[in-house]
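Worth saying up front: this structure is predicted, and the values here are computed from it rather than measured.
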Amino acid sequence: MSFISQQYNTNQGRPQATRPLRFKLIIGGLVLGTALGASTASLAQSEEYPDKPVEFIVPWSPGGGSDTLMRVISNNAEEYLGQSMPVINMPGVSGTTGLKDLSKRDPDGYTVGQIHEGLLVANHTQLTQLNWDDFTPVAAMTASPQYLTVNADSPWETFDEFVDYAQDNPGEVRVGVTLGGIPHVHAAMIEDAANLSFRYVGFEGTSARIRALVGGHIDAAIGDIASSGEFVKNGDLRFLAVGSTERQEETPNVPTFKELGYDSLNLNIVRGLIAPKGTSEDKVTVLADAMQALSQDEQFIQGVHNAGAQVHFEGPEAFANYLETTDETIEQLSGKLAK
């Protein structure tokens with residue numbers, strides 16, 4: 001009888017596998033067991049993530065707004081992530097140098113980076129080919145509401161008065177911005193919404209343009225609590241409107257653009273975390289869950305508040321939606337940014 005056939009056991013009256021077939025069954029069981037063991041090991045490895053520090057690339061210099069706020073995250077993340085998140089500053093080319101490095105990192109969940117609207121602007125002004133969708137969004141964490149700010153000696157007590165003057169005198173209002181940067185975008189959004197035309201004056205950074213505004217060298221600028229709040233308290237500057245959805249606790253008498261009838265004027269700098277493209281969904285979920293828990297920590301909330309911003313958590317999907325919508329707005333305004 002052939003070895004690949006089956007024999008009958010006369011005592012049991014049922015087929016019994018020959019030795020070669022029994023050998024195949026044993027080997028098959030070992031293979032199946034090995035596969036199940038590997039699957040279990042893989043699952044355990046996933047459940048142990050992260051098992052070492054997660055590097056946090058901040059593409060700006062130490063001491064700036066992004067660095068300050070991201071260090072508040074870094075200093076408080078370990079309790080919720082289970083590992084530290086050391087900040088690695090990689091400044092250069094309007095925040096694009098560090099993000100270029102991030103785009104080349106392995107998508108293993110052990111490197112994340114910081115993003116805000118500046119990357120979107122840099123993309124549409126041809127400074128970089130990278131854009132938000134070249135990464136995997138993890139979570140938005142903070143928002144810094146932006147204010148239309150004028151010198152306290154100006155004739156404008158309200159935003160409506162400012163608009164009336166600017167409409168009657170196109171090209172006369174000197175607005176200080178970082179040319180091709182987020183403040184430029186925000187000023188262009190005001191232009192577009194109120195049918196205005198500004199004369200832009202470029203400055204390297206926020207502090208330079210706010211000093212120029214205090215000195216009367218320009219007529220208006222985009223500011224925030226961190227850069228302009230003390231000057232407002234001292235009576236040197238005046239906030240006319242804020243780009244948040246609700247009035248801010250620090251400035252309860254300053255109306256929002258929305259309540260003034262400009263629903264499209266959402267002027268915020270939203271800072272969040274991204275990972276290299278291809279980072280697995282389960283690792284992104286671990287990171288996002290840790291950031292959501294951190295966003296409810298009182299010490300973290302106070303630290304963000306002390307840095308002149310507010311906690312603004314959005315998970316991966318919501319943050320991606322925000323970046324996509326904002327990118328479309330910036331693309332529409334790209335012509336104005338060339339002024």
Side-chain angles (χ1 to χ4, degrees), residues 116-117 120-121 124 140 142-178 181-201 206 209-210 213 218-229 231-232 237-270 308-310 312 314 318 321-337 339:
H116 59 40
E117 295 87 347
L120 284 56
V121 178
H124 290 292
T142 68
S144 300
Q146 303 296 291
Y147 294 75
L148 177 63
T149 312
V150 299
N151 192 289
D153 292 333
S154 75
W156 311 305
E157 296 283 344
T158 67
F159 180 66
D160 286 340
E161 291 175 355
F162 175 85
V163 169
D164 289 343
Y165 180 89
Q167 286 179 341
D168 292 340
N169 301 275
E172 282 194 22
V173 177
R174 299 166 301 172
V175 178
V177 299
T178 301
I182 302 172
H184 198 172
V185 171
H186 288 160
M189 289 171 67
I190 295 173
E191 266 191 313
D192 194 59
N195 192 27
L196 308 178
S197 179
F198 297 144
R199 177 152 59 98
Y200 289 116
V201 182
T206 302
R209 72 174 178 271
I210 296 303
L213 183 58
I218 55 177
D219 302 309
I222 302 299
D224 56 21
I225 294 293
S227 66
S228 313
F231 291 111
V232 172
L237 300 179
R238 181 184 300 128
F239 288 144
L240 296 185
V242 62
S244 53
T245 56
E246 298 177 351
R247 293 195 183 200
Q248 297 300 290
E249 181 181 345
E250 300 91 340
T251 56
N253 296 323
V254 179
T256 67
F257 288 106
K258 184 176 182 179
E259 67 182 271
L260 293 174
Y262 299 90
D263 292 346
S264 63
L265 291 181
N266 179 17
L267 275 53
N268 275 297
I269 295 179
V270 175
Q310 57 189 226
H312 178 77
E314 290 180 337
N321 289 339
Y322 170 78
L323 291 170
E324 182 177 22
T325 301
T326 304
D327 186 63
E328 291 171 356
T329 299
I330 291 173
E331 184 177 18
Q332 293 169 4
L333 294 171
S334 58
K336 288 182 176 289
L337 300 183
K339 289 173 60 176

Nearest-0.5 Å distance that lies between atom CG in L213 and atom CG in N151: 5.5 Å
Student check: side-chain heavy atoms of H312 and T142 closer than 4.5 Å: no
S244 versus P145, closest heavy-atom pair with distance: CB-CB, 4.0 Å
Nearest-0.5 Å distance, CG of residue L267 to NZ of residue K258: 14.0 Å
Heavy-atom closest pair, residues I269 and I182: CG1-CG2, 4.0 Å
Non-hydrogen side-chain atoms of H124 and D327 separated by less than 4.5 Å: yes
Aromatic plane relationship, F239 with Y147 - under 30° parallel, 30 to 60° tilted, over 60° perpendicular: parallel
Heavy-atom pair with the smallest gap, counting every atom of G176 and R209: O-CD, 3.4 Å
Minimum heavy-atom distance I225-T251, with the two atoms named: CD1-CG2, 3.9 Å
Gap between atom CG of D164 and atom CG of N169 - 0.5 Å precision: 10.5 Å
Inter-residue atom distance H184.NE2 - I330.CD1, 0.5 Å rounding: 12.0 Å
E161 side chain vs E157 backbone, donor-acceptor pair below 3.5 Å: yes
Donor-acceptor under 3.5 Å (N268 side chain, V270 main chain): no
pair I190-I222: side-chain heavy atoms closer than 4.5 Å: yes
Any donor-acceptor N or O pair under 3.5 Å, side chains Q248, Q310: yes
Side-chain donor or acceptor of D224 paired with backbone N/O of Q146 under 3.5 Å: no
pair V173-R199: side-chain heavy atoms closer than 4.5 Å: no
Side chain to side chain, L260 and T158, heavy atoms closer than 4.5 Å: no
Minimum heavy-atom distance between W156 and R238, given as atom pair plus value: O-NH1, 2.6 Å
Heavy-atom pair with the smallest gap, counting every atom of L148 and A220: CD1-CB, 4.2 Å
Contact check, side chains of V163 and L196, non-hydrogen atoms, under 4.5 Å: yes
Under 3.5 Å donor-acceptor, T326 side chain and Y322 backbone: yes
Donor-acceptor under 3.5 Å (R247 side chain, V242 main chain): no
Heavy-atom donor-acceptor pair, E331 side chain to L120 backbone, under 3.5 Å: no
Side-chain touch I210/L237, heavy atoms, less than 4.5 angstrom: yes
Parallel, tilted or perpendicular: rings of F159 and F162 (30°, 60°): parallel
